There are 4 protein chains.
Amino acid sequence: MCQNVCDSGESTDNIKEWDRKHDSSVKRDIILDAAEQVFSDKDYHEAVLDEVADVAGVSKATLYLYFKNKIDLFLSVAERKLCELNEVILKSTADCSDPVATIKRLITDELTFFSDNAAFFKVIHDQRFNLQLRAQVNEDEIRERVMPLMFSKINVTAEVIKLGQENGVFQAVNPKEAAFMLTSLVHTCLLLLNLAPEDVVLTDKAELVEKIFLEGLLMRKT
Amino acid sequence: MCQNVCDSGESTDNIKEWDRKHDSSVKRDIILDAAEQVFSDKDYHEAVLDEVADVAGVSKATLYLYFKNKIDLFLSVAERKLCELNEVILKSTADCSDPVATIKRLITDELTFFSDNAAFFKVIHDQRFNLQLRAQVNEDEIRERVMPLMFSKINVTAEVIKLGQENGVFQAVNPKEAAFMLTSLVHTCLLLLNLAPEDVVLTDKAELVEKIFLEGLLMRKT
Amino acid sequence: MCQNVCDSGESTDNIKEWDRKHDSSVKRDIILDAAEQVFSDKDYHEAVLDEVADVAGVSKATLYLYFKNKIDLFLSVAERKLCELNEVILKSTADCSDPVATIKRLITDELTFFSDNAAFFKVIHDQRFNLQLRAQVNEDEIRERVMPLMFSKINVTAEVIKLGQENGVFQAVNPKEAAFMLTSLVHTCLLLLNLAPEDVVLTDKAELVEKIFLEGLLMRKT
Amino acid sequence: MCQNVCDSGESTDNIKEWDRKHDSSVKRDIILDAAEQVFSDKDYHEAVLDEVADVAGVSKATLYLYFKNKIDLFLSVAERKLCELNEVILKSTADCSDPVATIKRLITDELTFFSDNAAFFKVIHDQRFNLQLRAQVNEDEIRERVMPLMFSKINVTAEVIKLGQENGVFQAVNPKEAAFMLTSLVHTCLLLLNLAPEDVVLTDKAELVEKIFLEGLLMRKT
DNA sequence: CATGAATGAGACTTCATTCAT
DNA sequence: CATGAATGAAGTCTCATTCAT
């Protein structure tokens, strides 16, 4: 189906399909790169295909050889990005013998990833972007193509939390909801970075999220 | 009462145009109402002025008598809404003798307000919308018009947190950053409500935010 | 509804609506005229709205103030033309005391009308054009907007034939089918005119149709 | 047998390219078949070469190895079809000892042929299609390629009529014009069949044309 | 001979904005 | 103050045609 569905694992050998469609895929990726750049610069509606074509160095008509639509192009970019994110997350949580350490690793890695891809993720912040485009296209297509990818990330995080709860380390809250909260906090860090970008360091912010999310604002009685 | 720029914060002197516009401001409000409705239904670019005019019951040209632009109209709606929010926040924090209780009140009231205005706030989620429109207009205009209003809210919250810290109740974190985090968590609640809207109650979610934000995920040793 | 539905009678006083929408209707008619000209010059798909706008002396966007679509514009032109035709037919058959004379009058008048509007009617020859556009739009819209107008003409002719049959003047054939045949023969005359346009006279062709349709090819025994 | 330009008329020498193309002509025919199918389904402009290539099972570029143009392809299909028709007509009129019987045979055979090929002939109804496409290509090319084929059919019919006139069986009308009329009536039958396709039989319609064309609408005095 | 890939040209449609009345 | 009418500019998408391989 979707030709860039992530492998969700450690698989590195994507040289398997190098024979038949190798340079067709190359062009497709060039376009995806260009689109990612343009969609990162502008709102979905402000991004124009002319610019994507320009950046990709192809004709506008060529875009339609590889993607059905503008929205299809956008969703393809989003899919690719979310797959990358999921891989990061999976790698972070591969070893969850220590739930607290895992959560900390998760926060750092996710924050790093978001920070690296901040421009693009402004658009599809959390699950919200399915609302943003609702009037534009068949809502189902969006829902079916990206929601699973988003939930994949949430579910992985929720699993770690559940594990911690079973170990008696974490409080009894709905794990999935807590996972959402965590993602949200990480996103907020990006905002903080944007607002005062001169001197702040990424790790500082990671610590803030850790502190709030793990310990809360209230003073702990020793 | 303030006309469309709230006086609830630092800025006080916006009574300058009180004289001339006077009665025409009623029509201005009608248009704002219509615009709010339309902008709540659709994305900024999907919302069309034709519909705003229709809903307001005026001609499209009339919109330009009261607002410079489409973006001006949008920002005016946002301003008005944020003013309302600031008033809510101020009321919530009027008495902050007990910081913990105040934070709880703040969470509940903000959540209620967001919930009541969910449709509109999906568009200007957090402080992010200044990024979304950056290509469209002079970024400075947006920054200058809405950022102060957003920070007003953040600052009020931060004050409460600072107070709590001085009282030895709250941990030592950057109060402003913590305030951002709180807002973010409240927004996330809206998402949770949207994702499973059948049975969930608002207050349940408020409790979740309280728990996470105040106590954190880690088990407290008794 | 459709604002140029024919009055189907002798009504000449269309000054009734001269107050409110008088110059709006004027512009609409200008566009219709331009469209008729362009659609007469070219196939539906070859006719481009740019040219219609040019000929009408308005902007392309203006077309969309008065017509929903390209197809709507085309159908509006067709409706107007068919209404004119129906009026001609009705006038021709107003007095049908003598069926033979009426048929002859009908042939002459219809032929004259087609001849005057030959360019446009090339496209919607007979009932056939509903097939030509079938893939383009909601077939129902076409069917509902123009079929009645086409059948109106056929029915009137069929009535005359039925009358002649009742008087014992005409043979026993299906009147409606015969009416179709007559229309077809009249159209064929246009072809003949086109093929050898130098010296032929309209009335000669009318006589041919009369002869064939009324008397047939076979010699009559005296 | 002739390859794609029929020899059934005046033109005889089209065997010039018989040598080189030889076996490639089988693919050429495959393409023609595909094109006929697609052009029968849709309007000339709605038919797209992509689909022709698909149906033919060849690449779109291959079409251009066998045909100069889209219009060339279309005209080639039309030529082939008209050649078939001409053969039918010639067979029908091979024996014209009895003009009346011959005309009847002609009507039946032509009607059958049109009925079998109704889909395609909707497009090039009568001789009219040379008008439909005039803006598209050099009008002369169309005129020169298909008009002779059309006239071939007309001429054959006209010969039969002339013969009948010489035998004193038919009235004195222009034979060629009468032949046109006849063709037109046959086409009209197809329309009638389309309009009420449930119960009608082809032969019934043939009788109607016979009656009208041969005897006319007027009652014959015995 | 065959084709996958690419594209230029152009069509329809939309919408924020202006202006004469 | 209000608006009906008009439009320039722009955007998405299509398709016949070409060309290197």
Side-chain angles (χ1 to χ4, degrees), chain A residues 20-21 23-24 26-28 31 45-53 56-73 136, chain B residues 21 23-24 27-28 45-53 56-74 136, chain C residues 20-21 23-24 26-28 31 45-53 56-73 136, chain D residues 20-21 23-24 27-28 45-53 56-73 136:
Chain A
R20 219 194 42 236
K21 59 176 178 172
D23 88 334
S24 146
V26 161
K27 178 73 59 85
R28 193 187 140 95
I31 293 174
H45 290 95
E46 278 152 11
V48 296
L49 295 185
D50 263 303
E51 193 177 346
V52 175
V58 299
S59 150
K60 213 180 353 174
T62 301
L63 304 182
Y64 287 86
L65 290 181
Y66 295 90
F67 302 94
K68 203 178 59 194
N69 265 345
K70 183 184 184 183
I71 187 70
D72 179 38
L73 176 55
Q136 179 71 8
Chain B
K21 288 205 191 170
D23 70 320
S24 69
K27 181 164 294 183
R28 190 186 146 95
H45 289 95
E46 280 154 8
V48 293
L49 294 187
D50 267 296
E51 194 178 345
V52 174
V58 301
S59 146
K60 202 171 23 161
T62 302
L63 304 182
Y64 286 84
L65 293 179
Y66 294 90
F67 303 93
K68 202 177 58 193
N69 263 344
K70 185 184 184 183
I71 189 68
D72 179 36
L73 176 56
F74 177 78
Q136 179 73 8
Chain C
R20 220 194 43 237
K21 60 175 175 171
D23 88 334
S24 147
V26 160
K27 177 73 58 86
R28 194 187 139 96
I31 293 175
H45 289 95
E46 280 153 8
V48 296
L49 294 186
D50 263 303
E51 192 178 345
V52 174
V58 300
S59 149
K60 212 177 0 171
T62 301
L63 304 182
Y64 287 85
L65 290 182
Y66 295 90
F67 302 93
K68 202 178 57 193
N69 264 344
K70 184 184 184 183
I71 188 68
D72 180 37
L73 176 55
Q136 179 71 10
Chain D
R20 225 196 36 243
K21 289 205 188 168
D23 68 320
S24 69
K27 181 164 293 184
R28 191 188 144 94
H45 289 95
E46 280 154 7
V48 293
L49 294 187
D50 268 298
E51 194 179 345
V52 174
V58 300
S59 147
K60 204 173 20 164
T62 302
L63 303 182
Y64 286 83
L65 294 179
Y66 295 90
F67 302 93
K68 203 177 59 193
N69 264 343
K70 185 184 185 184
I71 189 70
D72 179 37
L73 176 55
Q136 178 75 6

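Throughout, a chain's letter reflects where its sequence line sits, starting with A, and its residues are numbered from 1. As the structure is a computational prediction, the values presented were derived from the model and not from experiment.
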> Just how far, in rounded Å, is C1' of F:dA10 from CG of A:Leu49?
Replying inline: 12 Å
> To the nearest Å, how far apart are C:Glu46 CD and F:dC15 P?
Replying inline: 15 Å
> How long is the span from the CD1 atom in C:Ile31 to the CG atom in C:Leu49, to the nearest 0.5 Å?
Replying inline: 10.5 Å
> Between F:dG8, E:dG4, E:dG8, which nucleotide gets closest to the side-chain atoms of A:Ala61?
Replying inline: E:dG8
> Tell me: NE2 of C:His45 to P of F:dC15, nearest whole Å?
Replying inline: 10 Å
>> Distance check needed: E:dG8 P versus A:Leu63 CG, whole Å only.
In response: 12 Å
>> From CG of C:Leu73 over to C1' of E:dT13, roughly how many Å is that when rounded to an integer?
In response: 14 Å
>> From CZ of D:Arg28 over to C1' of E:dA2, roughly how many Å is that when rounded to an integer?
In response: 17 Å
> To the side chain of A:Leu65, which of F:dC15, F:dC19, E:dA6 is closest?
Replying inline: E:dA6
> If you check the A:Val48 side chain, which of F:dT12, F:dA5, E:dC12 turns out closest?
Replying inline: F:dT12
> Could you state the CZ-C1' distance from C:Phe67 to F:dA5, rounded to the nearest angstrom?
Replying inline: 15 Å
> According to a strict under-4.0 Å criterion, is C:Asn69 in side-chain N/O contact with OP1 or OP2 of E:dC12?
Replying inline: no
> Pick the nucleotide of DNA chain E nearest each of D:Val58 and B:Ala47; which residue has the one closer to the 5' end?
Replying inline: D:Val58
>> Both B:Ser59 and D:Asp50 contact DNA chain F. Which one's nearest nucleotide lies toward the 5' end?
In response: B:Ser59
> To the side chain of B:Tyr64, which of F:dA6, E:dT17, F:dC15 is closest?
Replying inline: E:dT17
>> From CD1 of C:Ile71 over to P of E:dA11, roughly how many Å is that when rounded to an integer?
In response: 17 Å
> Considering only side-chain heavy atoms of A:Lys60, which listed nucleotide, E:dC15, F:dA5, F:dT12, is closest?
Replying inline: F:dT12
> Nearest 0.5 Å, what's the CZ-CG distance between A:Arg28 and A:Leu73?
Replying inline: 9.0 Å
>> Give me the atom names and distance for the closest heavy-atom approach of A:Ser59 to A:Ala53.
In response: C-CB, 3.9 Å
>> Please pick, from E:dG4, F:dT12, E:dA16, the nucleotide with the shortest atom-to-atom distance to any side-chain atom of B:Lys70.
In response: E:dA16
> Do the side chain of D:Lys27 and the main chain of D:Tyr66 share a donor and acceptor less than 3.5 angstrom apart?
Replying inline: no
> Does F:dA20 have a Watson-Crick or wobble mate here (both distances under 3.5 Å), and if so which one?
Replying inline: E:dT3
> Which one, F:dT3, E:dT13, E:dT7, comes nearest to the side chain of A:Thr62?
Replying inline: E:dT7
> Which distance, rounded to the nearest 0.5 Å, do you find between the CD of D:Glu51 and the CD of D:Glu46?
Replying inline: 11.0 Å
